[in-house]
Amino acid sequence: FLFPDSFGLYSLTITIAFVFLLFTDLGMNQVLTKYLSSNIKNRGKVIAHFNYILKIKFFLSLIVSLVLLILAYPLSFWVYKQSQLFLPLIFSSIYIFSFTFIDFFSSFFYAIKKVKYIIVKEIVFNVIKTTMIVLVFLFLSSLYYVFGIFIGLILTNIIIILFLVVWINRFIPIFKETKEHIEKKEINKFFKYLAVSSISGILHSHIDILILGLFVSLAYVGYYNIAVLMVLGIASLFLYLRLVLLSAFANLNDRQLSLA
């Protein structure tokens, strides 16, 4: 449905958005998985850790989204010199703010070893996303395909977040205050180490399309991204194994780790 130029515009926009999206995490999801897994038998500490890390996640994501919103104009008109990039970047700032919480809330289920919820979430997410995109192509003019796709993705994210919040409330009450003491300094220290290691790989993961957008037409950006997506689609199958293993290893003591 998308012509090469339109797909190139979408590819460049989503790549810029993903770079900012990575700054909304910086290892925060792994922090949540680790501390919930290691305190899984103490309900009070699980609630306290979840709410504390959620607050950090919220403000970090809000700041990053606002930065992208502010930079949308200079990136479009001064850096890439593509005026049609401006509005998609505006929408993408909302998109990353909503999408980042899907991964964050999903980490809760990895931590408590309820992977079946992740499977259901992935099925529902892809069905809704596909439906939204099909509706865009059916009812919108080709001029508004890219904008419509981002609106559809944002609505999909909101629906999935509502599902995840309802599911999490089956296990712990979100936003409930607790007097349980947690080691905030330890959490912050662990997060800082993960943040440093994450930052080093952020530009490396998307630098190709960012540079291509500066030197070639949007059509060639689109062709390149199609090839990359085909490869990454296969590689992503191994992502969930890493998250499951993190939850499992977080519960092991020193002796068990030495034998693992």
Side-chain angles (χ1 to χ4, degrees), residues 13-36 46-75 86-111 117-118 121-122 125 128-129 149-169 172-177 182 184 187-206 210 239 243 246:
T13 304
I14 205 69
T15 299
I16 295 172
F18 278 164
V19 170
F20 282 86
L21 179 65
L22 291 171
F23 280 101
T24 66
D25 179 21
L26 297 178
M28 190 63 67
N29 297 343
Q30 287 86 343
V31 172
L32 181 69
T33 301
K34 177 186 183 301
Y35 283 95
L36 263 59
V46 168
I47 296 173
H49 279 97
F50 182 86
N51 288 334
Y52 176 69
I53 298 172
L54 177 60
K55 289 178 183 177
I56 300 175
K57 178 77 172 182
F58 176 82
F59 287 110
L60 178 63
S61 303
L62 181 61
I63 291 170
V64 173
S65 299
L66 289 175
V67 169
L68 176 56
L69 187 65
I70 295 169
L71 293 179
Y73 186 89
L75 284 173
F86 177 63
L87 284 179
L89 283 180
I90 296 293
F91 284 113
S92 68
S93 65
I94 305 172
Y95 166 74
I96 65 171
F97 183 76
S98 58
F99 185 79
T100 189
F101 287 101
I102 293 180
D103 285 342
F104 180 79
F105 290 139
S106 297
S107 297
F108 172 85
F109 296 104
Y110 286 113
Y117 286 91
I118 304 298
K121 183 266 293 184
E122 286 296 324
F125 176 76
I128 296 176
K129 181 174 71 173
I149 289 173
F150 274 103
I151 293 174
L153 292 176
I154 292 169
L155 291 175
T156 301
N157 293 343
I158 293 172
I159 294 171
I160 295 301
I161 287 173
L162 292 176
F163 269 108
L164 291 172
V165 168
V166 170
W167 289 343
I168 292 174
N169 270 295
I172 63 168
I174 304 179
F175 310 123
K176 179 183 178 180
E177 293 294 330
I182 60 175
K184 295 182 179 180
I187 296 173
N188 294 338
K189 184 178 180 180
F190 184 64
F191 169 63
K192 288 177 183 177
Y193 286 131
L194 286 178
V196 171
S197 62
S198 298
I199 289 173
S200 63
I202 285 177
L203 286 179
H204 179 265
S205 60
H206 295 288
L210 293 178
L239 171 65
L243 295 173
L246 173 61

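Keep in mind that the numbers below use all heavy atoms, side chains included, and drop hydrogens, waters and symmetry copies. Nothing here was measured: the structure is a model prediction, and the numbers come from that model.
Between the CG atom of Leu89 and the CD1 atom of Ile14 there is a distance of 10.0 Å, given to the nearest 0.5 Å. To the nearest 0.5 angstrom, Lys129 atom NZ is 14.0 Å from Leu155 atom CG. Put simply, CG on Leu87 and CZ on Phe150 are 11.5 Å apart, with the number rounded to the nearest 0.5 Å. Atom NZ of Lys57 and atom CG of Leu62 lie 12.5 Å apart (nearest 0.5 Å). Rounded to the nearest 0.5 angstrom, Phe104 CZ and Leu164 CG are separated by 11.5 Å. In this structure, CD1 in Ile158 is found 11.5 Å from CD1 in Ile128, a value given to the nearest 0.5 Å.
Each of Tyr52, Phe50, Phe191, Tyr110 was scored for a side chain to side chain contact (heavy atoms under 4.5 Å, CB included) with Leu32, with one residue passing: Phe50.
Without hydrogens or angle criteria, Lys189 side chain to Lys184 main chain gives no donor-acceptor distance under 3.5 Å. The backbone N or O of Lys192 lies less than 3.5 Å from no partner atom in the side chain of Asn188, so there is not a single donor-acceptor pair.
In terms of the side-chain contact (heavy atoms from CB on, under 4.5 Å) criterion, residue partners of Ser65 (sequence neighbours excluded) are, by chain and number, Ile96, Phe97. Annotation: side-chain contact (heavy atoms from CB on, under 4.5 Å) contacts of Val165 (sequence neighbours excluded): Phe105, Ile161, Asn169, Ile174. Annotation: side-chain hydrogen bond (donor to acceptor under 3.5 Å, both in side chains) contacts of Asp103 (sequence neighbours excluded): none.
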**Study point:** Chi angles and distances behind the side-chain contact (heavy atoms from CB on, under 4.5 Å) call for Leu26, Leu194
**Key:** CA-CA 6 Å; Leu26 297 178; Leu194 286 178; over 6 Å; no
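At a threshold of 4.5 Å between non-hydrogen side-chain atoms, the residues Leu54 and Phe101 count as touching. Taking the side chain as every heavy atom from C-beta outward, Ser92 and Leu68 approach each other to under 4.5 Å. Counting heavy atoms from C-beta on, the side chains of Leu75 and Ile16 come closer than 4.5 Å. Put simply, the side chain of Tyr35 reaches to within 4.5 Å of the side chain of Phe190, judged on heavy atoms. The shortest side-chain heavy-atom distance between Phe18 and Tyr95 falls under the 4.5 Å cut-off. Within the 4.5 Å cutoff, side-chain heavy atoms of Gln30 are placed close to those of Asp25.
Among all heavy-atom pairs drawn from Phe91 and Ile151, the shortest one is CE2-CG1, 4.0 Å. Shortest non-hydrogen contact noted between Ser106 and Ile118 is O-CD1, 3.3 Å.
Residue Phe86 places its CZ atom among more than 12 non-hydrogen atoms of other residues, nucleotides or ligands, all under 6.0 Å distant.
Ring geometry, Tyr117 versus Phe109: the interplanar angle falls under 30°, so the pair is classed parallel (tilted spans 30 to 60°).
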